[in-house]
Structures are given as C-alpha cells and as structure tokens.
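Heads up, the thing below is written out as structure tokens.
In each ligand, atom 1 is the first atom listed, and ligand 1 is the first ligand listed.
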Amino acid sequence: MKILVTGATGGVGRLVVDELLAAGATDIRALTVNPAKAGLPDGVEVVRGFLGRPETLPAALAGVDRMYLAPLIETNARTCRLAAEAGVRRIVDMAGAKGDHWQAIEDGVEECGVPFVHLEPGEFMTNSGIWSAQIAAGDVVRDGYGSAANAPIAVEDIATVAARCLLEDGHEGHSYELTGPESLTRRERVDRIGAALGRELTYVDLPHEELVEQLSEAMGEYARWYADGLAQLAEHPQVALPTVAELTGHPATTFAAWARANTAMFE
Ligand SMILES: NC(=O)c1ccc[n+]([C@@H]2O[C@H](COP(=O)([O-])OP(=O)(O)OC[C@H]3O[C@@H](n4cnc5c(N)ncnc54)[C@H](OP(=O)(O)O)[C@@H]3O)[C@@H](O)[C@H]2O)c1
C-alpha cells in the first residue's frame with residue numbers, strides 16, 4: 001500500500017512520515033519542492049512537486065493508494081480531482097474547524113469522491129512561538145486577551161492521529177475535531193512556559209487596537225482577524241476534547257510538557 005505524504009517537510013507532514021515509519025509502513029512517498037534539501041529519512045521515496053503547482057502532481061500520485069493532504073486552499077480542488085483520477089482510495093486531510101476558511105479543503109475532498117477522513121485541529125501549540133522574541137528579551141509578555149482560553153494541540157499528536165487514519169480501517173467518512181488535553185488561558189500558557197524556563201513571566205494585556213498593530217508585524221492582513229478571534233475566545237473559551245486520546249490510546253500532550261520540550265524556542 002503506497003502512501004503519499006504531501007507537505008512532507010512541513011510541521012505536521014514531516015511528523016506524519018515519522019509516525020508511518022514507526023508504525024511499520026514500508027511504502028511511503030514524500031512530496032517536496034526540493035528533494036535534495038528535504039532531509040527525509042532513509043527508506044522514504046522522495047518525489048519533486050508542490051501542491052501549489054498541480055501539473056507536478058500526476059507523477060507523484062501514480063500508484064498511490066492513500067494520501068495525507070496538507071491544506072493549500074488555492075489549488076485544493078484540482079489536487080483532489082487529480083488524486084481521484086490517479087485512483088487514490090483514501091484521503092486524510094488536515095485543515096481546521098468546519099465552517100472556517102479551511103472549509104474549502106473538506107469541500108474539495110468530498111467533491112472528488114475519494115473516501116476521506118477529515119482532521120480538524122484547533123490552534124497548534126507551536127503558535128506560542130509568537131511570544132519567543134519577547135520571552136527571550138525579558139520577563140514581560142505584552143499581548144492581548146490574557147483570559148482568552150483554548151486547548152492548543154501538539155503537532156506530534158495531529159501526526160499520530162493522521163498516521164492511524166491512513167493505516168487503520170474504520171475511520172473513513174469521519175471528521176475528527178482535535179484539541180490538546182486542557183483549555184488554558186493565554187496567561188496560563190505564558191505561566192507554563194515560564195515554569196519550563198524556571199522564570200516568572202508576567203502577561204500584560206494590550207488594548208485591542210494596540211494588539212492589532214503589534215500582531216500586524218507578523219500576521220499582516222490577518223492581525224485583526226486573529227485579535228477578533230481572541231476577543232471571542234475571552235467570551236467563549238474552547239473546550240478540550242478527548243478525541244486524540246480516544247484515537248491514539250494515550251493522553252494528548254499537555255502544554256506544560258510541550259513547553260518543557262521546547263524551551264529552546266524561548267531562549
Ligand atoms: N497553526 C495553527 O494553529 C493551525 C491550525 C489549524 C490548521 N493550520 C494549518 O496547518 C497548516 C500548517 O501545517 P504544516 O506546518 O504541516 O505545513 P503545511 O502547510 O501542511 O506544509 C508546508 C509544506 O508545504 C511545502 N511548500 C512548498 N512550497 C510552499 C509554499 N510556497 N508555501 C507553503 N508551503 C509550501 C513545504 O514543503 P516542501 O518545501 O518540502 O515542498 C512546506 O514544508 C497551515 O496551512 C495552517 O493553515 C494551522
């Protein structure tokens with residue numbers, strides 16, 4: 001059974017490759033723009049291509065039974081049609097919450113007629129890297145909506161779930177909403193990073209417009225959307241779901257454990 005992993009050097013896709021290998025998969029093909037730089041493990045067939053250039057995909061899709069689909073909205077519908085034409089028999093896509101701007105990914109997958117599993121992660125723990133520079137520079141994090149709470153997920157857990165959905169039967173047609181194991185406020189996340197570093201960090205709430213301005217540097221046009229989302233979360237915290245533990249058989253990674261494993265990001 002040949003499995004194609006797209007976005008194979010990305011935050012999730014690279015880990016999907018590792019998880020598939022660890023689970024004993026022997027016929028893995030990885031799609032990357034530059035095979036020479038990809039640094040993919042031995043035993044993985046590395047092919048050149050990019051989801052953003054669908055003309056590169058037919059060769060990569062030839063002979064593929066199942067694929068992990070990274071989210072690239074612009075070309076997604078075409079990618080999915082090509083997968084169907086190539087005879088792919090299962091797509092495991094990873095995008096985001098239903099009804100959000102990632103909906104186009106799930107729509108394209110369903111329209112192409114290939115049996116699917118939808119993975120719908122919330123915020124990634126790695127997004128906490130947004131505080132890296134401030135924490136490296138001092139003990140104060142100036143951000144917004146410290147009381148906004150959600151349940152961020154470790155990309156490792158998304159990859160574990162993806163590998164299982166690629167390899168196991170019984171998942172087709174399911175949508176899995178994925179979160180970390182606990183809902184935490186942003187202030188609590190910063191506290192846990194501080195604990196991992198052995199430092200006491202202080203979270204300072206910026207007014208909304210100042211926050212938008214600060215976020216614009218990193219997020220450009222998405223800054224206001226992100227800040228508005230935080231305002232929503234302050235009113236309506238995201239609840240943690242048990243999906244990762246149910247699907248993998250072990251507890252999802254806690255934010256404290258993630259912080260301990262990623263102190264280098266904040267030093
Ligand atoms: N951060 C969050 O909280 C969150 C939550 C839900 C969903 N998401 C979505 O998850 C995705 C991130 O997942 P991921 O880290 O596994 O990465 P990805 O977007 O699934 O894959 C990134 C890979 O695509 C390839 N690529 C080639 N050219 C590219 C280009 N011009 N632009 C972008 N990618 C290019 C790169 O691999 P090669 O160079 O090897 O080809 C890169 O490593 C994003 O689409 C994001 O919207 C994020």
* To do: Would you indicate whether Glu200, at its atom CD, is surrounded by more than 12 heavy atoms from other residues, nucleotides or ligands within a distance under 6.0 Å?
  => no
* Asked: Can a donor-acceptor pair be found between the side chains of Glu19 and Thr160 at a distance below 3.5 Å?
  -> yes
* Among protein heavy atoms, which sits nearest to atom 31 (N) of ligand 1, and what does the distance come to when rounded to 0.1 Å? -> Phe50 CZ, 3.6 Å
* **Protein heavy-atom partner closest to atom 22 (C) of ligand 1 - residue, atom, separation in Å** => Gly10 CA, 3.9 Å
* **Arg14 bridged to Asp18 by N-O distance under 4.0 Å** => yes
* When the ring planes of Trp225 and Tyr222 are compared, do they come out parallel, tilted or perpendicular, using 30° and 60° as the limits? -> perpendicular
* With heavy atoms under 4.0 Å as the rule, classify the contact between Ala95 and ligand 1 as side chain, backbone, both or neither. => backbone
* **Distance-only donor-acceptor check, side chains Tyr145 and Arg186, under 3.5 Å** => no
* Asked: For atom 40 (O) of ligand 1, what's the nearest protein heavy atom and its distance?
  -> Thr32 OG1, 2.4 Å
* To do: Return the minimal non-hydrogen interatomic distance between Glu110 and His118, and the atom names on each side.
  => OE2-NE2, 2.7 Å
* Taking N or O atoms only and a 3.5 Å limit, does Asn127 qualify as a polar contact for ligand 1? -> yes
* To do: State whether the shortest distance between N or O atoms of Trp102 and N or O atoms of ligand 1 falls below 3.5 angstrom.
  => yes
* Asked: What protein heavy atom sits nearest atom 15 (O) of ligand 1, and how far away is it?
  -> Gly11 N, 2.9 Å
* Is the closest side-chain donor-acceptor distance between Asn150 and Arg189 under 3.5 Å? -> yes
* Asked: Do Ala70 and ligand 1 have an N or O pair less than 3.5 Å apart?
  -> no
* Does ligand 1 have any atom sitting under 4.0 Å from a heavy atom of Ala8? -> no
* Structure fact -> Counting from 1 in the order shown, the ligand 1 atoms closer than 4.0 Å to a non-hydrogen atom of Gly7 are 21 (O), 23 (C), 24 (O)
* Structure fact -> For atom 11 (C) of ligand 1, the closest protein heavy atom turns out to be Pro71 CG, 3.8 Å
* **Pro121 versus Leu119, closest heavy-atom pair with distance** => CD-O, 3.3 Å
* Asked: Aromatic rings His174 and Tyr176: how do their planes relate, parallel, tilted or perpendicular, breaks at 30° and 60°?
  -> parallel
* Asked: Does a sphere of radius 6.0 Å around CD in Glu213 hold more than 12 heavy atoms from other residues, nucleotides or ligands, not counting ones at 6.0 Å or beyond?
  -> no
* Give yes or no for whether the N/O distance cutoff of 3.5 Å, strictly under, is met between Glu123 and ligand 1. => no
* With rounding to the nearest 0.5 Å, note down the distance linking CE in Met67 to CG in Leu61. => 5.5 Å
* Structure fact -> The residue among Arg29, Arg89, Arg90 that forms salt bridge (charged side-chain N to carboxylate O under 4.0 Å, His left out) with Asp65 is Arg89
* For ligand 1, is there an atom lying under 4.0 Å from some heavy atom of Gly52? -> no
* To do: Report yes if Pro121 has an N/O atom closer than 3.5 Å to an N/O atom of ligand 1; otherwise report no.
  => no
* Among all protein non-hydrogen atoms, which one is nearest to atom 12 (C) of ligand 1, and what is the separation to 0.1 Å? -> Phe124 CE1, 4.1 Å
* Any protein heavy atom under 4.0 Å from atom 4 (C) of ligand 1? -> yes
* Any idea which protein heavy atom is nearest atom 42 (C) of ligand 1, and the distance to it? -> Thr9 OG1, 3.8 Å
* **Closest protein heavy atom to atom 13 (O) of ligand 1, given as residue, atom name and distance to 0.1 Å** => Met94 CE, 3.8 Å
* Count the heavy atoms belonging to other residues, nucleotides or ligands that lie under 6.0 Å from CD of Glu267, then report whether that count exceeds 12. => yes
* Between Arg14 and ligand 1, which part of the residue brings a heavy atom under 4.0 Å of the ligand: side chain, backbone, both or neither? -> neither
* Asked: Which atoms of ligand 1 sit under 4.0 Å from any heavy atom of Gly13?
  -> 16 (O)
* Is ligand 1 less than 4.0 angstrom away from at least one heavy atom of Ala97? -> no
* Is the closest N or O pair between Val12 and ligand 1 shorter than 3.5 Å? -> yes
